[in-house]
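Every chain is numbered from 1, with letters handed out A, B, ... down the list of sequences. Heavy-atom basis, side chains included; hydrogens, waters and symmetry copies ignored.
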Amino acid sequence: MPELPEVEVTKQGVSPHLVDQTVRDLVIRNASLRWPVPDICKNIIGQTIKQVRRRAKYLLIDTDAGITIVHLGMSGSLRILPANTPVEKHDHIDLVLENGRVLRYNDPRRFGAWLWYELPEDGHPLLSKLGPEPLSDGFNPQQLQQELTNKKKAIKLCLMDNHIVVGVGNIYANEALFAAGIHPQAAAGNIDIDRLTILVAEVKQILAQAIKQGGTTLKDFTNADGKPGYFAQKLHVYGRGGETCTACGNLLSEIKLGQRTTVFCGVCQSH
DNA sequence: AGGGCCTCCTGAGAGC
DNA sequence: TGCTCTCAGGAGGCCC
């Protein structure tokens, strides 16, 4: 399940294979993703790819004619393959390059997206209202405190709110709150600047570490070479409800918050 | 306005 | 063994 580190690892993996390449074809085998893949995506045919970027969990493939926006959803992955590689189940889209290779999009659950947008991308409704990148200076304790002022909702829900900070999904929200010693249900507006400072540092540290290790592999994530990441064994709380806390030995609690599984240590994490 | 719930989908795993 | 049920989850969209 790609979160920001997985998308970043994917970007780093596919980017060298795409930049400066000319697109020969775009093959859409199954357009039924989160939104129907529009035919206008084929405007990329004949274009040369200028660069590949990431914004939040979106991958942006830049050309002079427009931008392809790719979201991996829950179960999507991108791989670089020889163009004659046999198609497998859930291989929905091929971006065929003039050099005989293909960028192949596979997504069993089809929660992902493949869209086309013409400049400037900041005007795209999916991208225009996003908060700061968690690894940028724009995400800092002062900014976070300002966003959380008077907010009564749980800090975990705020961490996962793309308007406040992008790219922090369920796994890393659980892990960062554990590392910062903050209870996931703590009222966001009540957390003082000292604790927010720790939280911001932990979010950055955990995401950076996950990227360095190639992302988290839980079920189906692989990088552009089809290799898994190695972060899963580093998780302290996610997926460990009912097991013992790695810090104090107390049993970890598991609750639902915003319909998402939330795991925490009632001893180590406080309001 | 802000918050909360619903929804899309498939595969894994549990339960019978 | 083989069915059926439940759950997982990003994030837009809708409703109150």
Just how far, in rounded Å, is [atom2] of [N] from [atom1] of [X]?
X      : N      : atom1 : atom2 : result
A:K152 : B:dG3  : NZ    : P     : 10 Å
A:L72  : C:dA8  : CG    : P     : 22 Å
A:M160 : B:dG4  : CE    : P     : 14 Å
A:K256 : B:dG4  : NZ    : C1'   : 15 Å
A:H90  : B:dC9  : NE2   : C1'   : 10 Å
A:R34  : B:dT10 : CZ    : P     : 15 Å
A:L257 : B:dG3  : CG    : C1'   : 13 Å
A:K156 : B:dG3  : NZ    : C1'   : 16 Å

Using a heavy-atom cut-off of 4.0 Å across all strands, would you classify [X] as base, sugar-phosphate, or nothing?
X      : answer
A:T261 : sugar-phosphate
A:D107 : nothing
A:R260 : base

[options]: which one has an atom nearest the side-chain heavy atoms of [X]?
X      : options               : result
A:Y238 : C:dA8, B:dC9, C:dG10  : C:dA8
A:K89  : B:dG11, B:dC9, B:dC5  : B:dG11
A:R110 : B:dC6, C:dG10, B:dC9  : B:dC9
A:Q259 : B:dT10, B:dC6, C:dA11 : B:dC6

Does a side-chain N or O of [X] approach OP1 or OP2 of [N] to a distance below 4.0 Å, or not?
X      : N      : answer
A:K153 : B:dG2  : no
A:H163 : C:dA11 : no
A:H71  : C:dA11 : yes

Taking all non-hydrogen atoms of both residues into account, name the closest pair between [X] and [Y] and its distance.
X      : Y      : result
A:I80  : A:L18  : CD1-CD2, 4.2 Å
A:L130 : A:V166 : CB-CG1, 3.7 Å
A:K129 : A:H163 : O-CD2, 3.3 Å

Under a 4.0 Å threshold between the charged nitrogen and the carboxylate oxygen, would A:R240 count as salt-bridged to A:E254?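 Salt bridge flag = no for A:R240 with A:E254.
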
I need the single residue from A:Q269, A:K153, A:K156, A:H271 that forms a side-chain contact (heavy atoms from CB on, under 4.5 Å) with A:Q185. Which is it?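 Between A:Q185 and the candidates, side-chain contact (heavy atoms from CB on, under 4.5 Å) is satisfied uniquely by A:H271.
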
Can you tell me whether the side chain of A:R109 and the base of C:dA8 have a donor-acceptor pair closer than 3.5 Å?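 Under the 3.5 Å cut-off, the side chain and the base do form a donor-acceptor pair.
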
